[in-house]
Amino acid sequence: MQALQKQATNELAGVSDSEALEAWRIKYLGTKGRVKTAIQRLGEVPKKDKPAVGKATNELKTALRSAFDARLGALGDSRTKDRPAAPEVDITLPGNKPTIGHLHVITQTINDICEIFARMGFTVAYGPEVEDEYHNFDALNIPSHHPARDPLDNFYIDEKVMLRSQTSTVQIRVMENTTPPVRIIAPGRVYRPDTVDATHSFMFHQIEGLYVDQGVTMADLRITLDQFCKAYFGHNVATRFRPSFFPFTEPSAEVDILFHRGDGTEYWVELGGCGMVHPNVLETVEYDSEKYTGFAFGLGIERMAMRKHNITDIRYLFESDVRFLHQF
Ligand code: FA5
(Lines give C-alpha, C1' and ligand atoms only; values in the text may rest on other atoms or scores of the structure.)
Protein backbone atom coordinates (compact mmCIF):
# COMPACT_ATOMS: atom_id res chain seq x y z
CA MET A 1 0.00 0.00 0.00
CA GLN A 2 2.79 2.34 0.94
CA ALA A 3 4.70 1.60 -2.25
CA LEU A 4 1.54 2.17 -4.31
CA GLN A 5 0.83 5.44 -2.53
CA LYS A 6 4.39 6.61 -3.07
CA GLN A 7 4.32 5.77 -6.76
CA ALA A 8 0.93 7.46 -7.23
CA THR A 9 1.99 10.59 -5.36
CA ASN A 10 5.22 10.87 -7.34
CA GLU A 11 3.39 10.55 -10.61
CA LEU A 12 0.78 13.07 -9.53
CA ALA A 13 3.51 15.59 -8.76
CA GLY A 14 4.65 15.31 -12.40
CA VAL A 15 1.15 15.96 -13.82
CA SER A 16 1.00 19.38 -15.46
CA ASP A 17 -2.26 19.49 -17.45
CA SER A 18 -5.81 18.28 -17.09
CA GLU A 19 -5.37 15.57 -19.71
CA ALA A 20 -2.52 13.96 -17.78
CA LEU A 21 -4.49 14.40 -14.56
CA GLU A 22 -7.44 12.54 -16.07
CA ALA A 23 -5.13 9.72 -17.17
CA TRP A 24 -3.75 9.57 -13.63
CA ARG A 25 -7.28 9.44 -12.17
CA ILE A 26 -8.22 6.55 -14.45
CA LYS A 27 -5.02 4.69 -13.63
CA TYR A 28 -5.37 4.89 -9.85
CA LEU A 29 -8.97 5.82 -8.99
CA GLY A 30 -10.87 4.56 -12.04
CA THR A 31 -13.30 1.66 -11.98
CA LYS A 32 -10.52 -0.66 -13.16
CA GLY A 33 -7.78 1.32 -11.43
CA ARG A 34 -5.03 0.20 -9.05
CA VAL A 35 -6.97 1.08 -5.88
CA LYS A 36 -9.98 -0.87 -7.07
CA THR A 37 -7.78 -3.87 -7.82
CA ALA A 38 -6.31 -3.63 -4.34
CA ILE A 39 -9.80 -3.64 -2.82
CA GLN A 40 -10.80 -6.63 -4.94
CA ARG A 41 -7.72 -8.54 -3.84
CA LEU A 42 -8.57 -8.14 -0.16
CA GLY A 43 -10.08 -11.61 -0.34
CA GLU A 44 -6.61 -13.12 -0.78
CA VAL A 45 -5.40 -11.63 2.52
CA PRO A 46 -5.31 -14.03 5.54
CA LYS A 47 -8.23 -13.45 7.85
CA LYS A 48 -6.19 -12.10 10.75
CA ASP A 49 -4.51 -9.42 8.60
CA LYS A 50 -7.74 -8.35 6.90
CA PRO A 51 -8.75 -5.51 9.29
CA ALA A 52 -5.31 -3.88 9.07
CA VAL A 53 -4.99 -4.31 5.30
CA GLY A 54 -8.59 -3.14 4.79
CA LYS A 55 -7.93 -0.03 6.83
CA ALA A 56 -4.71 0.68 4.91
CA THR A 57 -6.56 0.26 1.60
CA ASN A 58 -9.24 2.74 2.68
CA GLU A 59 -6.62 5.21 3.84
CA LEU A 60 -4.83 4.86 0.51
CA LYS A 61 -8.04 5.53 -1.36
CA THR A 62 -8.87 8.62 0.74
CA ALA A 63 -5.32 9.93 0.48
CA LEU A 64 -5.22 9.59 -3.30
CA ARG A 65 -8.67 11.09 -3.64
CA SER A 66 -7.72 14.22 -1.72
CA ALA A 67 -4.36 14.43 -3.48
CA PHE A 68 -6.27 14.32 -6.76
CA ASP A 69 -8.71 17.06 -5.63
CA ALA A 70 -5.84 19.26 -4.53
CA ARG A 71 -4.07 18.82 -7.88
CA LEU A 72 -7.32 19.51 -9.70
CA GLY A 73 -7.72 22.78 -7.79
CA ALA A 74 -4.08 23.67 -8.44
CA LEU A 75 -4.49 23.15 -12.18
CA GLY A 76 -7.38 25.64 -12.13
CA ASP A 77 -9.79 23.14 -13.59
CA SER A 78 -13.42 23.92 -12.84
CA ARG A 79 -14.39 20.24 -12.78
CA THR A 80 -15.40 18.67 -9.52
CA LYS A 81 -14.92 15.01 -8.86
CA ASP A 82 -18.59 14.18 -9.50
CA ARG A 83 -18.92 16.03 -12.77
CA PRO A 84 -17.71 14.77 -16.15
CA ALA A 85 -15.09 16.79 -17.98
CA ALA A 86 -16.49 19.96 -19.53
CA PRO A 87 -16.27 19.89 -23.34
CA GLU A 88 -13.39 21.94 -24.54
CA VAL A 89 -14.00 24.55 -27.22
CA ASP A 90 -12.23 23.76 -30.44
CA ILE A 91 -11.63 27.19 -31.91
CA THR A 92 -10.39 25.68 -35.16
CA LEU A 93 -13.82 24.23 -36.02
CA PRO A 94 -15.66 26.15 -38.77
CA GLY A 95 -18.51 28.27 -37.36
CA ASN A 96 -22.18 28.12 -38.28
CA LYS A 97 -22.63 30.27 -41.34
CA PRO A 98 -25.65 32.61 -41.25
CA THR A 99 -28.07 31.71 -44.06
CA ILE A 100 -27.90 34.25 -46.83
CA GLY A 101 -31.26 35.10 -48.34
CA HIS A 102 -32.08 36.13 -51.89
CA LEU A 103 -34.89 37.75 -53.82
CA HIS A 104 -38.23 35.94 -53.74
CA VAL A 105 -39.03 34.20 -57.01
CA ILE A 106 -41.91 36.66 -57.63
CA THR A 107 -39.56 39.64 -57.22
CA GLN A 108 -37.09 37.97 -59.59
CA THR A 109 -39.90 37.42 -62.08
CA ILE A 110 -41.00 41.06 -61.88
CA ASN A 111 -37.42 42.23 -62.42
CA ASP A 112 -36.97 39.93 -65.43
CA ILE A 113 -40.28 41.04 -66.98
CA CYS A 114 -39.52 44.73 -66.45
CA GLU A 115 -36.15 44.29 -68.09
CA ILE A 116 -37.69 42.78 -71.23
CA PHE A 117 -40.27 45.56 -71.52
CA ALA A 118 -37.60 48.17 -70.83
CA ARG A 119 -35.80 46.96 -73.94
CA MET A 120 -39.02 47.69 -75.87
CA GLY A 121 -39.09 51.23 -74.54
CA PHE A 122 -41.52 50.84 -71.60
CA THR A 123 -40.78 52.65 -68.34
CA VAL A 124 -41.96 51.36 -64.96
CA ALA A 125 -44.78 53.10 -63.07
CA TYR A 126 -46.33 52.34 -59.68
CA GLY A 127 -49.68 53.05 -58.09
CA PRO A 128 -51.19 52.64 -54.62
CA GLU A 129 -52.55 49.29 -53.39
CA VAL A 130 -55.21 51.08 -51.35
CA GLU A 131 -57.26 52.65 -54.08
CA ASP A 132 -60.49 54.60 -54.57
CA GLU A 133 -63.46 53.32 -56.54
CA TYR A 134 -62.92 56.02 -59.11
CA HIS A 135 -59.54 54.68 -60.25
CA ASN A 136 -60.43 51.00 -59.79
CA PHE A 137 -63.78 51.24 -61.61
CA ASP A 138 -65.37 54.55 -62.74
CA ALA A 139 -62.46 55.90 -64.75
CA LEU A 140 -62.04 52.44 -66.32
CA ASN A 141 -65.53 52.65 -67.82
CA ILE A 142 -66.93 50.15 -65.28
CA PRO A 143 -70.40 51.54 -64.43
CA SER A 144 -71.79 51.47 -60.88
CA HIS A 145 -74.17 48.56 -61.65
CA HIS A 146 -71.37 46.35 -63.05
CA PRO A 147 -71.06 42.94 -61.30
CA ALA A 148 -67.25 43.36 -60.98
CA ARG A 149 -67.97 46.03 -58.31
CA ASP A 150 -69.89 43.63 -56.09
CA PRO A 151 -68.75 43.98 -52.45
CA LEU A 152 -68.47 40.19 -52.29
CA ASP A 153 -65.93 40.22 -55.12
CA ASN A 154 -63.70 42.94 -53.68
CA PHE A 155 -61.93 43.92 -50.47
CA TYR A 156 -63.64 47.20 -49.60
CA ILE A 157 -62.23 49.26 -46.74
CA ASP A 158 -65.18 51.64 -46.72
CA GLU A 159 -67.83 52.67 -49.28
CA LYS A 160 -65.39 54.35 -51.64
CA VAL A 161 -61.99 52.90 -50.72
CA MET A 162 -60.73 49.38 -51.44
CA LEU A 163 -57.68 47.22 -52.01
CA ARG A 164 -57.19 47.46 -55.77
CA SER A 165 -58.45 44.42 -57.66
CA GLN A 166 -56.32 45.11 -60.74
CA THR A 167 -53.28 47.12 -61.78
CA SER A 168 -55.36 48.83 -64.49
CA THR A 169 -55.78 51.62 -61.91
CA VAL A 170 -52.23 52.71 -62.78
CA GLN A 171 -53.25 53.34 -66.41
CA ILE A 172 -55.53 56.10 -65.14
CA ARG A 173 -53.07 57.51 -62.62
CA VAL A 174 -50.33 57.75 -65.24
CA MET A 175 -52.52 59.26 -67.96
CA GLU A 176 -53.89 61.85 -65.51
CA ASN A 177 -50.36 63.19 -65.13
CA THR A 178 -48.86 62.66 -68.59
CA THR A 179 -49.48 64.05 -72.02
CA PRO A 180 -49.28 61.36 -74.72
CA PRO A 181 -47.37 59.43 -75.93
CA VAL A 182 -47.40 57.08 -72.93
CA ARG A 183 -45.54 53.79 -72.76
CA ILE A 184 -45.46 52.23 -69.29
CA ILE A 185 -45.64 48.97 -67.43
CA ALA A 186 -46.89 48.79 -63.84
CA PRO A 187 -46.16 45.74 -61.69
CA GLY A 188 -47.75 45.27 -58.29
CA ARG A 189 -49.96 43.42 -55.84
CA VAL A 190 -53.71 43.14 -56.31
CA TYR A 191 -56.39 41.65 -54.06
CA ARG A 192 -59.55 39.64 -54.70
CA PRO A 193 -61.58 37.38 -52.40
CA ASP A 194 -61.22 34.50 -54.87
CA THR A 195 -61.39 30.91 -53.67
CA VAL A 196 -57.82 29.73 -53.26
CA ASP A 197 -56.76 26.80 -55.45
CA ALA A 198 -53.72 25.70 -57.47
CA THR A 199 -53.92 28.72 -59.81
CA HIS A 200 -55.78 31.32 -57.69
CA SER A 201 -54.79 33.33 -54.63
CA PHE A 202 -56.60 36.12 -52.74
CA MET A 203 -53.50 38.28 -53.19
CA PHE A 204 -51.44 38.06 -56.35
CA HIS A 205 -49.37 40.19 -58.69
CA GLN A 206 -50.16 41.66 -62.07
CA ILE A 207 -48.16 43.61 -64.57
CA GLU A 208 -50.06 46.24 -66.47
CA GLY A 209 -48.94 47.60 -69.81
CA LEU A 210 -50.14 50.76 -71.54
CA TYR A 211 -49.10 52.28 -74.83
CA VAL A 212 -50.95 55.33 -76.15
CA ASP A 213 -49.84 57.29 -79.17
CA GLN A 214 -51.03 58.25 -82.62
CA GLY A 215 -51.64 55.24 -84.82
CA VAL A 216 -51.23 52.43 -82.26
CA THR A 217 -53.07 49.31 -83.49
CA MET A 218 -54.06 45.86 -82.30
CA ALA A 219 -51.22 44.45 -84.43
CA ASP A 220 -48.79 46.36 -82.19
CA LEU A 221 -50.42 44.75 -79.16
CA ARG A 222 -50.24 41.27 -80.66
CA ILE A 223 -46.59 41.59 -81.65
CA THR A 224 -45.59 43.20 -78.33
CA LEU A 225 -47.09 40.36 -76.26
CA ASP A 226 -45.77 37.74 -78.65
CA GLN A 227 -42.26 39.16 -78.51
CA PHE A 228 -42.48 39.44 -74.75
CA CYS A 229 -43.54 35.79 -74.32
CA LYS A 230 -40.77 34.60 -76.63
CA ALA A 231 -38.19 36.70 -74.76
CA TYR A 232 -39.35 35.48 -71.36
CA PHE A 233 -40.30 31.85 -71.98
CA GLY A 234 -38.22 30.97 -75.03
CA HIS A 235 -38.75 31.00 -78.76
CA ASN A 236 -40.83 27.84 -78.96
CA VAL A 237 -43.49 28.95 -76.49
CA ALA A 238 -47.07 28.64 -77.67
CA THR A 239 -49.46 31.51 -76.91
CA ARG A 240 -52.89 32.34 -78.24
CA PHE A 241 -55.33 35.27 -78.25
CA ARG A 242 -59.02 34.60 -77.47
CA PRO A 243 -61.78 37.18 -77.99
CA SER A 244 -62.93 38.55 -74.65
CA PHE A 245 -64.57 41.50 -72.97
CA PHE A 246 -63.30 44.21 -70.63
CA PRO A 247 -65.20 47.49 -70.13
CA PHE A 248 -61.99 49.50 -70.53
CA THR A 249 -60.81 47.96 -73.81
CA GLU A 250 -62.52 47.50 -77.18
CA PRO A 251 -61.87 45.10 -78.81
CA SER A 252 -60.60 42.89 -75.98
CA ALA A 253 -58.75 39.61 -75.89
CA GLU A 254 -57.39 37.10 -73.46
CA VAL A 255 -53.88 35.77 -73.88
CA ASP A 256 -53.23 32.13 -72.93
CA ILE A 257 -50.03 30.15 -72.64
CA LEU A 258 -49.56 26.41 -73.04
CA PHE A 259 -48.60 24.41 -69.93
CA HIS A 260 -47.24 20.86 -69.96
CA ARG A 261 -48.22 18.24 -67.40
CA GLY A 262 -45.75 15.62 -66.16
CA ASP A 263 -47.61 12.92 -68.08
CA GLY A 264 -47.01 14.67 -71.39
CA THR A 265 -50.49 16.18 -71.81
CA GLU A 266 -50.96 19.91 -72.34
CA TYR A 267 -53.41 22.58 -71.21
CA TRP A 268 -53.88 26.32 -71.71
CA VAL A 269 -53.64 28.73 -68.79
CA GLU A 270 -54.88 32.30 -69.04
CA LEU A 271 -51.99 34.73 -68.61
CA GLY A 272 -54.02 37.92 -68.78
CA GLY A 273 -56.38 40.27 -70.52
CA CYS A 274 -55.66 42.91 -73.12
CA GLY A 275 -57.18 45.10 -75.80
CA MET A 276 -57.37 48.53 -77.38
CA VAL A 277 -57.96 51.27 -74.80
CA HIS A 278 -61.66 52.21 -74.86
CA PRO A 279 -62.31 55.77 -76.19
CA ASN A 280 -64.34 56.51 -73.02
CA VAL A 281 -61.22 55.87 -70.92
CA LEU A 282 -59.15 58.20 -73.11
CA GLU A 283 -61.81 60.90 -72.84
CA THR A 284 -62.00 60.50 -69.05
CA VAL A 285 -58.32 61.44 -68.76
CA GLU A 286 -58.84 64.20 -71.34
CA TYR A 287 -56.98 62.54 -74.19
CA ASP A 288 -58.37 63.23 -77.66
CA SER A 289 -59.72 59.83 -78.68
CA GLU A 290 -59.96 60.98 -82.31
CA LYS A 291 -56.24 61.63 -82.38
CA TYR A 292 -54.85 58.95 -80.06
CA THR A 293 -55.28 55.21 -79.81
CA GLY A 294 -53.60 52.77 -77.48
CA PHE A 295 -53.36 49.24 -76.22
CA ALA A 296 -53.33 47.90 -72.68
CA PHE A 297 -52.74 44.55 -71.08
CA GLY A 298 -52.72 43.04 -67.57
CA LEU A 299 -50.87 39.77 -66.99
CA GLY A 300 -50.76 37.50 -63.94
CA ILE A 301 -47.18 37.37 -62.63
CA GLU A 302 -47.60 34.19 -60.57
CA ARG A 303 -48.82 32.33 -63.63
CA MET A 304 -45.68 33.39 -65.50
CA ALA A 305 -43.35 32.39 -62.65
CA MET A 306 -45.15 29.04 -62.41
CA ARG A 307 -44.86 28.38 -66.13
CA LYS A 308 -41.21 29.40 -66.18
CA HIS A 309 -40.14 27.31 -63.18
CA ASN A 310 -42.58 24.41 -63.48
CA ILE A 311 -44.35 25.26 -60.23
CA THR A 312 -47.57 23.31 -60.03
CA ASP A 313 -49.37 25.16 -57.22
CA ILE A 314 -49.55 28.92 -56.61
CA ARG A 315 -49.75 28.36 -52.83
CA TYR A 316 -46.11 27.22 -52.69
CA LEU A 317 -45.13 30.78 -53.59
CA PHE A 318 -46.66 32.28 -50.45
CA GLU A 319 -46.15 29.58 -47.84
CA SER A 320 -42.64 30.95 -47.26
CA ASP A 321 -41.09 27.51 -46.88
CA VAL A 322 -37.43 28.39 -47.45
CA ARG A 323 -36.68 24.87 -48.66
CA PHE A 324 -38.99 25.62 -51.58
CA LEU A 325 -37.85 29.21 -52.11
CA HIS A 326 -34.14 28.33 -52.03
CA GLN A 327 -34.58 26.49 -55.33
CA PHE A 328 -34.96 29.70 -57.32
C1 FA5 B 1 -57.79 41.95 -65.37
O2 FA5 B 1 -57.50 42.06 -64.20
C3 FA5 B 1 -57.68 43.11 -66.31
N4 FA5 B 1 -57.36 44.30 -65.56
C5 FA5 B 1 -56.63 42.79 -67.35
C6 FA5 B 1 -56.59 43.79 -68.47
C7 FA5 B 1 -55.70 44.86 -68.42
C8 FA5 B 1 -57.44 43.66 -69.58
C9 FA5 B 1 -55.66 45.78 -69.46
C10 FA5 B 1 -57.41 44.58 -70.59
C11 FA5 B 1 -56.50 45.63 -70.52
P12 FA5 B 1 -58.36 39.41 -65.19
O13 FA5 B 1 -59.35 39.54 -64.10
O14 FA5 B 1 -58.65 38.40 -66.24
O15 FA5 B 1 -58.16 40.78 -65.94
O16 FA5 B 1 -56.95 39.11 -64.53
C17 FA5 B 1 -55.77 39.14 -65.30
C18 FA5 B 1 -54.87 37.97 -64.93
O19 FA5 B 1 -54.56 37.97 -63.55
C20 FA5 B 1 -55.50 36.61 -65.15
O21 FA5 B 1 -55.42 36.25 -66.48
C22 FA5 B 1 -54.62 35.74 -64.30
O23 FA5 B 1 -53.38 35.48 -64.93
C24 FA5 B 1 -54.37 36.64 -63.13
N25 FA5 B 1 -55.31 36.33 -62.03
C26 FA5 B 1 -56.61 36.67 -61.93
N27 FA5 B 1 -57.14 36.23 -60.78
C28 FA5 B 1 -56.12 35.61 -60.11
C29 FA5 B 1 -56.00 34.95 -58.85
N30 FA5 B 1 -57.02 34.88 -57.99
N31 FA5 B 1 -54.81 34.41 -58.51
C32 FA5 B 1 -53.75 34.51 -59.36
N33 FA5 B 1 -53.79 35.10 -60.54
C34 FA5 B 1 -54.96 35.65 -60.93
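Every number for a ligand or one of its atoms is a count from 1 in the order of the listing.
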Record the part of [X] in heavy-atom contact with ligand 1 below 4.0 Å; permitted values are side chain, backbone, both and neither.
{"X": "F297", "result": "backbone"}
{"X": "E208", "result": "side chain"}
{"X": "I314", "result": "side chain"}
{"X": "S168", "result": "side chain"}
{"X": "E270", "result": "both"}

Item to complete: Working to the nearest 0.5 Å, report the span between CG of L21 and CZ of F68.
Response: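 That separation rounds to 4.5 Å.
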
Worksheet item: Do S201 and ligand 1 have an N or O pair less than 3.5 Å apart?
Response: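 Yes - when backbone and side-chain N and O of S201 are compared with those of ligand 1, one distance drops under 3.5 Å.
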
Worksheet item: Less than 3.5 Å between some nitrogen or oxygen of G272 and one of ligand 1, yes or no?
Response: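 Between G272 and ligand 1, an N or O pair is found under 3.5 Å apart.
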
Worksheet item: Is the distance between the ring centroids of F117 and F228 under 6.0 Å?
Response: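 Judged by ring-centre distance (under 6.0 Å), F117 and F228 do meet the cut-off.
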
Discussion item. In this structure, does ligand 1 have an atom that sits under 4.0 Å from one of the heavy atoms of V196?
Written reply: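 Heavy atoms of V196 never come under 4.0 Å of ligand 1.
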
Discussion item. Here's a test for you: under side-chain hydrogen bond (donor to acceptor under 3.5 Å, both in side chains), which of R34, E11, K61 qualifies with Y28?
Written reply: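 Answer after filtering R34, E11, K61: E11.
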
Fill in: Side-chain heavy-atom pair F241, L225 within 4.5 angstrom cut-off
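A side-chain contact exists here, since the closest heavy-atom pair is under 4.5 Å.
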
